[in-house]
Amino acid sequence: MNLIQISDLSANDITSIWHMVGQADMQIQGRVAWSFEGNGIRTRTSFIQAFQELGLSFVELPNLLKTAERTTDLAAYLDGFYDIYVIRERNHERLAQFASDSRRPVINALSSLGHPCEVLTDAYYVNQQIAPIRQARICLWGPPSNVMLSWHELASVMGFQITQICEAAFHEEKPNVSYTSSISSSFDIVITDGWPAADENTEWSLTATHLEQMGNPKLLPTPPFSIGKEIAFDPASYTGFTGYRQKNLLLPVQKAILLYLLNKKKS
């Protein structure tokens, strides 16, 4: 089993991972191949700590998928050394192909088309602290991004509806996503993500007035957030800001994901 995108999992897989979060006996032997593109400060911090706390040895393989070598050859050479791969690679198609070629579980630590570990962590927070995930009124604010796409997949797998508020040019037909360009209801939580670097359309910056119109929901800005772009004001000044500590959940959720996939490999 791989976690390249959330649709690789079933609803039962996801609830099983969430049930494992925080278990005291989370230990397993194994060897991790670790390749990380870019900064990803929070994801890098939490994954390395997860390896250490689980008792996993890990080796960093910088730019693992940046070579011209075929993914099938890379997997064939490396699988004998490792039990699982954790890879942050913008080229989603190459990452998915490597996962298909490998005989070991592969975890997507971020790609151009998904950020599954981040979204499984944030959804766990919603499920535990706000409302059961199938009942929570979730709003995604802004244009599609890898984070938004992972939320779409989660809604499809878990069978709930989410609303995405963005300009009409980004609207699509999706069974579990309701697109709109206006605020017409209240929400329990609003989630933002960073815009493409070239996007300067501040008309769609989230404001305190928007949040008031939505009933002052919780606000979860996916870091790193940019004040003056996806958010027009300092989110830390908003009483519904989920807080910096919410991202501490990355560690226990990533530990649960690693343990679940390693146990699946052994079963």
Side-chain angles (χ1 to χ4, degrees), residues 1-21 35 37 40 43 47 65 71 75 84-128 132-140 142-164 166 170-179 189 191-194 220 222 249-250 253-265 267:
M1 172 180 283
N2 300 307
L3 178 50
I4 303 303
Q5 51 199 49
I6 288 180
S7 55
D8 290 336
L9 305 176
S10 67
N12 183 64
D13 291 325
I14 293 168
T15 55
S16 295
I17 289 168
W18 287 349
H19 283 316
M20 294 170 67
V21 174
S35 182
E37 177 184 342
T43 306
F47 260 119
L65 298 180
T71 55
I84 193 167
Y85 299 88
V86 179
I87 303 174
R88 186 179 178 110
E89 166 62 52
R90 295 295 303 182
N91 188 334
H92 182 90
E93 292 74 15
R94 186 160 169 81
L95 175 60
Q97 187 59 57
F98 177 79
S100 176
D101 291 334
S102 174
R103 295 177 290 110
R104 308 295 186 218
V106 180
I107 294 174
N108 176 3
L110 180 144
S111 74
S112 60
L113 296 182
H115 205 348
C117 299
E118 183 97 10
V119 169
L120 287 173
T121 299
D122 292 346
Y124 174 79
Y125 167 79
V126 172
N127 191 66
Q128 294 296 113
I133 196 68
R134 292 185 175 91
Q135 300 171 21
R137 299 171 300 166
I138 299 170
C139 172
L140 308 179
S145 66
N146 52 4
V147 168
M148 306 296 191
L149 293 175
S150 287
W151 271 105
H152 296 174
E153 292 171 6
L154 181 70
S156 178
V157 171
M158 299 292 286
F160 63 90
Q161 197 75 16
I162 54 178
T163 299
Q164 183 154 351
C166 59
F170 296 114
H171 294 186
E172 299 181 57
E173 289 291 332
K174 286 192 174 182
N176 294 88
V177 183
S178 298
Y179 283 92
I189 187 166
I191 298 159
T192 68
D193 192 25
L220 198 169
T222 304
L249 288 172
L250 285 167
V253 174
Q254 287 168 357
K255 286 170 62 177
I257 291 168
L258 284 159
L259 190 59
Y260 188 76
L261 293 189
L262 283 165
N263 283 335
K264 280 285 186 179
K265 179 184 81 74
S267 62

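What you see is a predicted model, and the numbers here were worked out from it, not measured in a lab.
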K.L.:
Hey, does the side chain of S150 reach the backbone of H115 with a donor-acceptor pair shorter than 3.5 angstrom?
P.N.:
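Looks like yes, one N/O pair under 3.5 Å.
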K.L.:
Mark yes or no for whether R134, through its side chain, and M158, through its backbone, hold a donor-acceptor pair below 3.5 Å.
P.N.:
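Yes.
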K.L.:
Would you check if the side chain of W18 reaches a backbone N or O of L120 as a donor-acceptor pair within less than 3.5 Å?
P.N.:
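It does hold such a pair.
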K.L.:
Scan for salt bridge (charged side-chain N to carboxylate O under 4.0 Å, His left out) pairs involving residues 101-124, sequence neighbours excluded, and state none if there are none.
P.N.:
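Applying salt bridge (charged side-chain N to carboxylate O under 4.0 Å, His left out) to every pair that reaches into residues 101-124, excluding sequence neighbours, yields D79-R103, E118-K247, D122-K247.
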K.L.:
Would you check if the side chain of Q164 reaches a backbone N or O of G142 as a donor-acceptor pair within less than 3.5 Å?
P.N.:
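Judged by distance alone, yes, a pair lies under 3.5 Å.
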K.L.:
Within the structure provided, determine whether V21 and Q128 are in side-chain contact (heavy-atom separation under 4.5 Å).
P.N.:
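Side chain of V21 against side chain of Q128, heavy atoms only: no contact under 4.5 Å found.
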K.L.:
Check whether any side-chain heavy atom of L113 sits under 4.5 Å from a side-chain heavy atom of E93, and report yes or no.
P.N.:
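When only atoms from C-beta onward are counted, E93 and L113 do touch, with a gap below 4.5 Å.
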K.L.:
Is there a side-chain contact between F47 and L258 (heavy atoms, below 4.5 Å)?
P.N.:
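Result yes, sub-4.5 Å side-chain heavy-atom pair found.
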K.L.:
Are any of the side-chain heavy atoms of R90 and L110 separated by less than 4.5 Å?
P.N.:
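Touching, per the 4.5 Å side-chain cut-off.
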K.L.:
Any sub-3.5 Å donor-acceptor pair from N108's side-chain atoms to L3's backbone N or O?
P.N.:
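Flag not set: sc N108 to bb L3 has no pair under 3.5 Å.
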K.L.:
Would a distance-only check, ignoring hydrogens and angles, find a side-chain to backbone donor-acceptor pair under 3.5 Å from T15 to A11?
P.N.:
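Checking the backbone N and O of A11 against the side chain of T15, a donor-acceptor pair under 3.5 Å is found.
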K.L.:
Before you tell me yes or no, could you show the steps for I191 and V119 under side chain to side chain contact (heavy atoms under 4.5 Å, CB included), namely the whole-Å CA-CA distance, both residues' side-chain angles and the distance that decides it to 0.1 Å?
P.N.:
CA-CA 10 Å; I191 298 159; V119 169; over 6 Å; no
K.L.:
Between S100 (side chain only) and A96 (backbone N and O only), is there a donor and an acceptor less than 3.5 Å apart?
P.N.:
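Not at all, since once roles are kept as given, no pair shorter than 3.5 Å links the two residues.
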K.L.:
Taking the side chain from N263 and the backbone from L259, do they hold a donor-acceptor pair closer than 3.5 Å?
P.N.:
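Confirmed, N263 side chain pairs with L259 backbone.
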K.L.:
Is there side-chain contact between I162 and L154, with at least one heavy-atom pair below 4.5 Å?
P.N.:
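A side-chain contact is absent here, since even the closest heavy-atom pair is not under 4.5 Å.
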K.L.:
Applying ring-ring contact (aromatic ring centres under 6.0 Å, His included), name anything that partners H171, two or more places apart in sequence or on another chain.
P.N.:
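H171 satisfies ring-ring contact (aromatic ring centres under 6.0 Å, His included) with Y179 only.
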K.L.:
Tell me every residue that passes salt bridge (charged side-chain N to carboxylate O under 4.0 Å, His left out) with E37, counting only those two or more places apart in sequence or in another chain.
P.N.:
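Counting only residues at least two positions away or on another chain, E37 forms a salt bridge (charged side-chain N to carboxylate O under 4.0 Å, His left out) with K66.
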